[in-house]
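Okay, so here's the structure we're looking at.
Just so it is clear, the model here is predicted, and its values are computed rather than measured.
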Amino acid sequence: MAKSSGLNTRRALARATAAALTAALVATGASSAVASDAPVPSASKAPLDVKSSDASKFGTADVQGAPFNGLYGMTSGGDLYSYGLDGYGGLTSRSSSGWISPDTKFVTQVDHNADGESDGNWLVVDGELRYLKWDTTGSTLIGKGWGIYDRLLSAGNLGGAGADDLIARDKSGVLWLYLGYGNGTLTKRYRVGGGWNAYTHLAGKGDLTGDGKDDIVAKDKSGVLWLYKGTGNYKAPFTSRTRIGGGWNTYNNLVTVGDIDYDDITDLIARNTNGALYLYKGTGNAAAPYKSPVKIGSGGWNTYRILF
């Protein structure tokens, strides 16, 4: 298959994914028109260089590589907007995607069947963990008492089974792992370890190092980004941390939804304090997991209280 055919296949899949994302949550009747001052993606400069040997992987939605999902933004008023993948390593224009309670503390996408696409979201509202499946009109209560956590993230399959799992940090700095059953429900929690209140941000969705195990990154208060390689063992899900680099305090948000540029390697999205959005393309190399940043959003992204 020629490169152009592979690229067209990926573009079509990106459009289909964006359409699914747009229709996923309960509509509010609000217009999907984008205001002139709304956050918008930067213009893409060049198409991706797609290898012909990779193109066949993207003929269906069953992606056998890094996960890929659109990006969501939630405003302080609870309005949701989605951005699909444009097939060029960037994002499409935003679409209105419904509304959730402004009291929502965390939202994170979850993949239950390891097909590379999220099936729904875990969210914490008023101290309750709820599961919201795509294309449904209501959420399911999973558990109460989740107000004890100040960080929450579904970073992929960390425990070794097929479904995505959930990590949560309590206010004393202890990180906990909940294994996913593949239907929105969770096992009891397992203690990962203490001292995680050294970090202001946690991010991850897929494999960063090329070993087939899902990893996370963590930004500390001094602006240093650290890599925690996944082990696939729920009893000890991460190896010791390794330093990626400093200067990350220029960013006030880090989020990973998977592979943005369709090279089968998980990427990182970072929002700076001025509201611009940058893409750090993954390398698959643990010694240097990211390439230099590429600007994919020209400004206004600080309007979102939560990115997921």
Asn233 side, atom CG; Tyr190 side, atom OH - distance, nearest 0.5 Å: 11.0 Å
Spatial distance of atom OG1 (Thr273) from atom CG (Asn249) [nearest 0.5 Å]: 9.5 Å
Minimum heavy-atom distance between Asp220 and Ser222, given as atom pair plus value: OD1-OG, 2.8 Å
Asp214: salt bridge (charged side-chain N to carboxylate O under 4.0 Å, His left out) partners, not counting sequence neighbours: none
Any Trp122 side-chain heavy atom under 4.5 Å of Leu186 side chain: yes
Pair Leu158-Tyr234, side-chain contact (heavy atoms from CB on, under 4.5 Å): steps then yes or no: CA-CA 7 Å; Leu158 298 174; Tyr234 73 92; over 6 Å; no
Spacing of Thr187 atom OG1 and Tyr181 atom OH [to the nearest 0.5 Å]: 5.5 Å
Intermediate values then yes/no, side-chain contact (heavy atoms from CB on, under 4.5 Å), Ile269 and Leu71: CA-CA 9 Å; Ile269 294 173; Leu71 176 69; 4.2 Å; yes
Parallel, tilted or perpendicular, as decided by the 30° and 60° cut-offs, for the rings of Trp146 and Tyr178: tilted
Shortest non-hydrogen contact from Gly70 toward Val257: O-CG1, 3.7 Å
Within-4.5 Å side-chain heavy-atom neighbours: Phe308 and Gln109: yes
Verdict with supporting geometry, Thr256 and Tyr280, side-chain contact (heavy atoms from CB on, under 4.5 Å): CA-CA 10 Å; Thr256 300; Tyr280 283 81; over 6 Å; no
Whether Ser154 side chain and Thr108 backbone form a donor-acceptor pair below 3.5 Å: no
Inter-residue atom distance Met74.CE - Leu80.CG, 0.5 Å rounding: 7.0 Å
Arg151 side-chain N/O to Thr200 backbone N/O, donor-acceptor pair under 3.5 Å: yes
Check: Lys281 side chain, Val294 main-chain N or O, donor-acceptor pair, under 3.5 Å: no
Lys229 atom NZ, neighbour heavy-atom count above 12 within 6.0 Å: no
Side-chain heavy-atom pair Ser96, Asp79 within 4.5 angstrom cut-off: no
Verdict with reasoning, Phe238 to Trp226, per ring pair (Phe, Tyr, Trp, His ring centres under 6.0 Å): CA-CA 12 Å; Phe238 303 114; Trp226 300 88; over 10 Å; no
Among Tyr83, Trp134, Tyr81, the one residue meeting ring pair (Phe, Tyr, Trp, His ring centres under 6.0 Å) with Tyr72: Trp134
CZ on Arg305 to NZ on Lys105, rounded to 0.5 Å: 10.5 Å
Straight-line distance of Leu202 CG to Leu153 CG, nearest 0.5 Å: 6.5 Å
Thr250 backbone acceptor or donor facing Asn272 side chain under 3.5 Å: no
His201 (side chain) donor-acceptor with Asn252 (main chain) under 3.5 angstrom: yes
Heavy-atom pair with the smallest gap, counting every atom of Ala203 and Leu268: CB-CD1, 3.9 Å
pair Asp267-Asp259: side-chain heavy atoms closer than 4.5 Å: yes
Residue pair Pro102 / Ser76: nearest heavy atoms and the distance that separates them: CB-O, 3.5 Å
Pairwise side-chain contact, Asp215 with Asp207, heavy-atom cut-off 4.5 Å (strictly under): yes
Trace of the side-chain contact (heavy atoms from CB on, under 4.5 Å) decision for Asn302 with Arg271: CA-CA 8 Å; Asn302 279 332; Arg271 183 184 66 192; 3.1 Å; yes
Donor-acceptor contact below 3.5 Å, side chain Thr92 vs main chain Gly84: yes
Side chain proximity check, Ile167 to Asp165, heavy atoms < 4.5 angstrom: no
Expected output: side-chain Arg169 to main-chain Tyr199 donor-acceptor under 3.5 Å: yes
Beyond-backbone contact of Leu254 with Leu225, side-chain heavy atoms, under 4.5 angstrom: yes
Side-chain heavy-atom pair Ile265, Thr283 within 4.5 angstrom cut-off: no
Enclosure of Lys291 NZ (heavy-atom neighbours >12, cutoff 6.0 Å): no
Short side-chain donor-acceptor distance under 3.5 Å, Asp150 and Asn197: no
Ion pair Asp164/Lys205, N-O distance below 4.0 Å: yes
